[in-house]
Amino acid sequence: MAEGRRAAIIVVLDGCPTRALELARTPTIDKIAARGAHTEACRSVCPTVTYTAHASIVTGRQPAEHGLVGNAFYDRESGRLVDLDAELPDEHLRAPTLFEREGGPSLAVGEPITRGADLVVSKAQVQARDLREQDAFALRRAAELVRAHAPRLAVVNLPGIDRVGELYGPTSRELLEHLEEVDALLGEFARALNEVYEDYLLILLADHGMVPVRENVDLAELLEGLEAVICPSHRAAHIYLASRAELEEALERLRSDGRLELVLTREEMAEYGLDSPLSGDIFVAAKEGYELGPEELRGSHGGVSQDEMTVFLIANKREYADLLRDACITRAAEAVRRYLREARAIERAKELLAQADPAHGWEHTERVLKLATGLALEHGADVEAVRLAAIFHDVGGRGVEHAEESARLAAAFLLAEGWPEERVELVRQAILKHHAEPGGLRGLEERILWEADKLDALGLVGLARCLLEAGSRGEGIEEAIEHLMRDVRQFRGGFSLPTAREKAARRVAAVLKAIKQLKDELEGRA
């Protein structure tokens with residue numbers, strides 16, 4: 001493990017149905033979910049197909065914004081059909097990727113969207129292996145490249161899961177066995193991450209789910225006689241028509257067919273994030289059991305059923321639980337940006353705290369960060385703002401005006417990161433108030449930082465800090481005890497958040513008992 005190295009890693013279990021994950025024995029994934037944060041109610045995007053969903057994961061945008069509105073679509077500007085199985089998706093992407101926004105070194109393995117990545121093992125290279133070996137190759141190659149290059153950002157896609165589900169069915173024995181093998185491989189991959197990084201964010205998610213299919217629907221036959229360009233993406237399709245009259249006729253035929261779940265005009269596509277100039281005049285999605293593409297499959301996706309649209313999203317860190325509420329797969333990119341921004345903040349804070357006294361250095365900051373995070377999650381605060389305020393709260397030194405200097409340094413960092421001014425002010429105010437009187441606290445984030453900081457001044461940790469500070473000033477044990485007792489008198493009544501108040505009471509009780517014992521020992525009575 002290299003000290004200070006941090007990375008954000010996304011692993012996409014391509015097309016993995018949530019039900020299959022529940023049925024399979026996956027101890028590695030279960031452990032990551034239990035220790036971090038997870039949801040099985042994350043929304044995919046429409047249509048629920050590989051290129052569209054992966055573009056949303058890697059850009060953090062909806063299909064209307066990133067432009068990949070299906071696995072195939074018709075580009076009216078160039079007058080040609082775009083088939084992303086035959087062309088590079090990156091060339092048609094209309095939004096910046098995480099690789100471009102975050103910079104290098106970055107790694108993409110098996111991922112169809114790779115624009116801006118420094119190291120690439122293409123999806124085609126992964127899929128050139130035997131089906132059952134594809135995901136093993138992707139994870140082991142990713143582990144090798146992590147060990148060799150320590151990228152700060154990596155996206156690893158496991159396409160074998162999707163294909164096994166398509167060929168054998170979404171809850172088939174073959175898929176469950178494959179998921180169990182993938183789980184063991186994820187354990188190997190996690191060991192490589194633990195070797196290389198001091199800390200990392202690991203996101204596991206599916207890009208879409210899957211449903212059983214039994215019958216193919218021929219849209220060309222259904223629209224016979226009309227001048228239509230039909231672009232199927234498994235269980236969904238964009239349809240482009242020559243005239244308004246043909247549009248009305250096509251809508252009538254499609255809406256009267258009992259095999260279609262959804263028939264949308266361009267005006268209706270905004271609700272599904274498909275209001276793009278690249279979308280068809282009509283968008284259709286099949287009912288469960290039906291496939292709109294030509295291939296005969298046992299499992300498929302692309303539609304808007306719950307089993308296709310609802311996926312799991314797992315983070316190995318509990319502080320991302322707020323992003324998992326009412327989540328969409330675009331949140332994966334948001335989590336990555338948040339983690340890497342925080343990693344830069346930690347690097348900066350450690351630089352500024354390098355000369356801090358031992359009671360107010362990075363170890364203190366890290367404890368306050370943990371306490372503040374728990375309180376922010378419990379009370380529905382802005383978790384990221386609280387964490388950033390905690391990271392910067394003591395970087396301005398120990399003078400009377402250290403809160404002002406810490407707030408200034410935090411604001412300068414966040415503005416340079418492109419943070420909106422109103423959220424910068426939230427962080428700034430929390431830092432400014434972390435030494436205020438409790439009655440002067442107005443916002444929830446201010447109170448959380450104040451109470452987390454004061455908790456670290458109490459209890460046995462508080463005593464240890466007072467001893468460290470006294471030693472650094474050439475003072476003795478008695479002065480340290482006096483300092484702690486002043487803090488106890490000043491802070492113990494200032495806690496209003498229930499969890500913090502309970503912690504404070506326990507800490508004060510423990511330290512008063514310890515001080516009595518310490519005084520007895522100093523006096524030779526014990």
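Quick caveat, the model's predicted, so the values are computed rather than measured.
For the pair Glu479 (side chain) and Gly476 (backbone), a donor-acceptor distance under 3.5 Å is present. Judged by distance alone, with hydrogens and angles left aside, the side-chain atoms of Glu445 form a donor-acceptor pair with the main-chain N or O of Asp382 at under 3.5 Å. Proximity of a side-chain donor or acceptor of Ser106 to a complementary backbone N or O of Ala154 within less than 3.5 Å is not detected. With hydrogens and angles ignored, the 3.5 Å screen pairs no side-chain donor or acceptor of His379 with any backbone N or O of Ala381. Side-chain atoms of Thr52 never come within 3.5 Å of backbone atoms of Val49 as a donor-acceptor pair (strictly under, hydrogens ignored). Here the side chain of Glu100 pairs a donor or acceptor atom with the backbone of Thr97 at under 3.5 angstrom. Although no hydrogens or angles enter the test, the distance criterion places no donor-acceptor pair under 3.5 Å between the side chain of Glu417 and the main chain of Trp419. Arg318 contributes no side-chain N or O that, together with a main-chain N or O of Ala37, makes up a donor-acceptor pair within less than 3.5 Å. Judged purely by atom type and a 3.5 angstrom limit, Trp450 uses its side chain to pair as donor or acceptor with the backbone of Ala436. A donor-acceptor contact shorter than 3.5 Å links the side chain of Asn157 to the backbone of Gly110.
Scored by the side-chain hydrogen bond (donor to acceptor under 3.5 Å, both in side chains) test, Arg25 finds Glu180 as partners (sequence neighbours excluded).
Salt bridge annotation for Arg473-Asp357: absent, with no cationic side-chain nitrogen under 4.0 angstrom from a carboxylate oxygen. With respect to Arg141 and Glu144, a salt bridge is recorded, a charged nitrogen being found less than 4.0 Å from a carboxylate O. Salt bridge status for Glu102 with Arg337: absent, with no side-chain N to carboxylate O gap under 4.0 Å. Lys317 and Asp199 are joined by a salt bridge, as a carboxylate oxygen and a charged side-chain nitrogen come within less than 4.0 angstrom of each other. Ion pairing of Arg338 with Asp322 is present here, as a side-chain N (NZ or NE/NH1/NH2) and a carboxylate O approach within less than 4.0 Å. Using a cutoff of 4.0 Å between basic side-chain nitrogens and carboxylate oxygens, Arg331 and Glu334 are scored as salt-bridged. Salt-bridge check for Arg115 with Asp90: failed, with every basic side-chain N at 4.0 Å or more from each acidic carboxylate O. A salt bridge is absent between Glu451 and Arg507; no separation between the charged side-chain nitrogens and carboxylate oxygens falls under 4.0 Å. For the pair Glu65 and Arg94, the salt-bridge criterion is not met [side-chain N within less than 4.0 Å of a carboxylate O]. Between Arg428 and Glu425 there is a salt bridge, since at least one side-chain N of the basic residue sits less than 4.0 Å from a carboxylate O of the acidic one. Under 4.0 Å is where a charged nitrogen must lie from a carboxylate oxygen, and between Glu523 and Lys516 no such pair does. With respect to Glu351 and Arg348, a salt bridge is recorded, a charged nitrogen being found less than 4.0 Å from a carboxylate O.
Leu369 contributes atom CG, which lies 6.5 Å from atom CD1 of Ile346 (distance to the nearest 0.5 angstrom). Atom-to-atom distance recorded for His149:NE2 and Asp118:CG is 10.0 Å, nearest 0.5 angstrom. Summarising the geometry, atom CG belonging to Leu185 is positioned 8.5 Å from atom CG belonging to Leu158; distances are rounded to the nearest 0.5 Å. Interatomic distance, CD1 of Ile314 versus CG of Leu324, reported as 9.0 Å (0.5 Å rounding). Once rounded to the nearest 0.5 Å, the distance linking CG of Asp30 with CG of Leu21 reads 7.5 Å. Expressed to the nearest 0.5 Å, how far CG of Leu458 lies from CG of Leu463 amounts to 11.5 Å.
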With side chain to side chain donor-acceptor pair (under 3.5 Å) as the criterion, how do Asp14 and His54 come out once you've worked through the C-alpha distance, each side chain's angles and the decisive distance to 0.1 Å? CA-CA 9 Å; Asp14 201 311; His54 277 264; 3.1 Å; yes
Applying side chain to side chain donor-acceptor pair (under 3.5 Å), run through Tyr200 and Asn194 and close with a yes or a no. CA-CA 8 Å; Tyr200 58 87; Asn194 291 331; 2.8 Å; yes
Ser496 and Arg447: side chain to side chain donor-acceptor pair (under 3.5 Å), yes or no, with the steps? CA-CA 8 Å; Ser496 65; Arg447 176 155 292 284; 3.1 Å; yes
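Screening residues 183-192 for salt bridge (Lys or Arg N to Asp or Glu O under 4.0 Å), with sequence neighbours left out, gives Arg140-Glu188.
Among Val12, Leu205, Thr48, the one residue that satisfies the side chain to side chain contact (heavy atoms under 4.5 Å, CB included) test with Ile329 is Leu205. When each of Leu186, Ile203, Leu202 is paired with Ile32, the side chain to side chain contact (heavy atoms under 4.5 Å, CB included) condition holds for Leu202 and for no other. Considering Leu455, Asp456, Thr373 in turn, Asp456 is the only one that fulfils the side chain to side chain contact (heavy atoms under 4.5 Å, CB included) rule with Val368.
You'll find the side chain of Arg341 reaches within 4.5 Å of the side chain of Glu384, heavy atoms only. Using a 4.5 Å cut-off on side-chain heavy atoms (C-beta onward), Thr50 and Asp207 make contact. Residues Leu522 and Glu478 are in side-chain contact: their nearest non-hydrogen atoms beyond the backbone lie under 4.5 Å apart. Counting only heavy atoms from C-beta outward, the side chains of Pro96 and Thr59 never approach each other to under 4.5 Å. Two residues are said to be in side-chain contact when any heavy atoms from C-beta on lie closer than 4.5 Å; Ile29 and Leu13 meet this criterion. You'll find the side chain of Arg61 stays beyond 4.5 Å of the side chain of Ser56, heavy atoms only. In this structure the side chain of Tyr272 never reaches within 4.5 angstrom of the side chain of Val45, judged on heavy atoms.
For the residue pair Gln125 and Ser122, a side-chain donor N or O sits within less than 3.5 Å of a side-chain acceptor on the partner. Remark: the Glu378 side chain and the Thr499 side chain contain an N/O donor-acceptor pair separated by less than 3.5 Å. With no hydrogens or angles considered, no side-chain donor-acceptor pair links Gln517 and Lys513 at under 3.5 Å.
The six-membered or imidazole ring of His434 lies near that of His402, with a centre-to-centre distance under 6.0 Å. Aromatic ring centroids of His393 and His364 lie under 6.0 Å apart.
Closest of all the heavy-atom pairs between Ile431 and Ala410 is CD1-CB, 3.6 Å.
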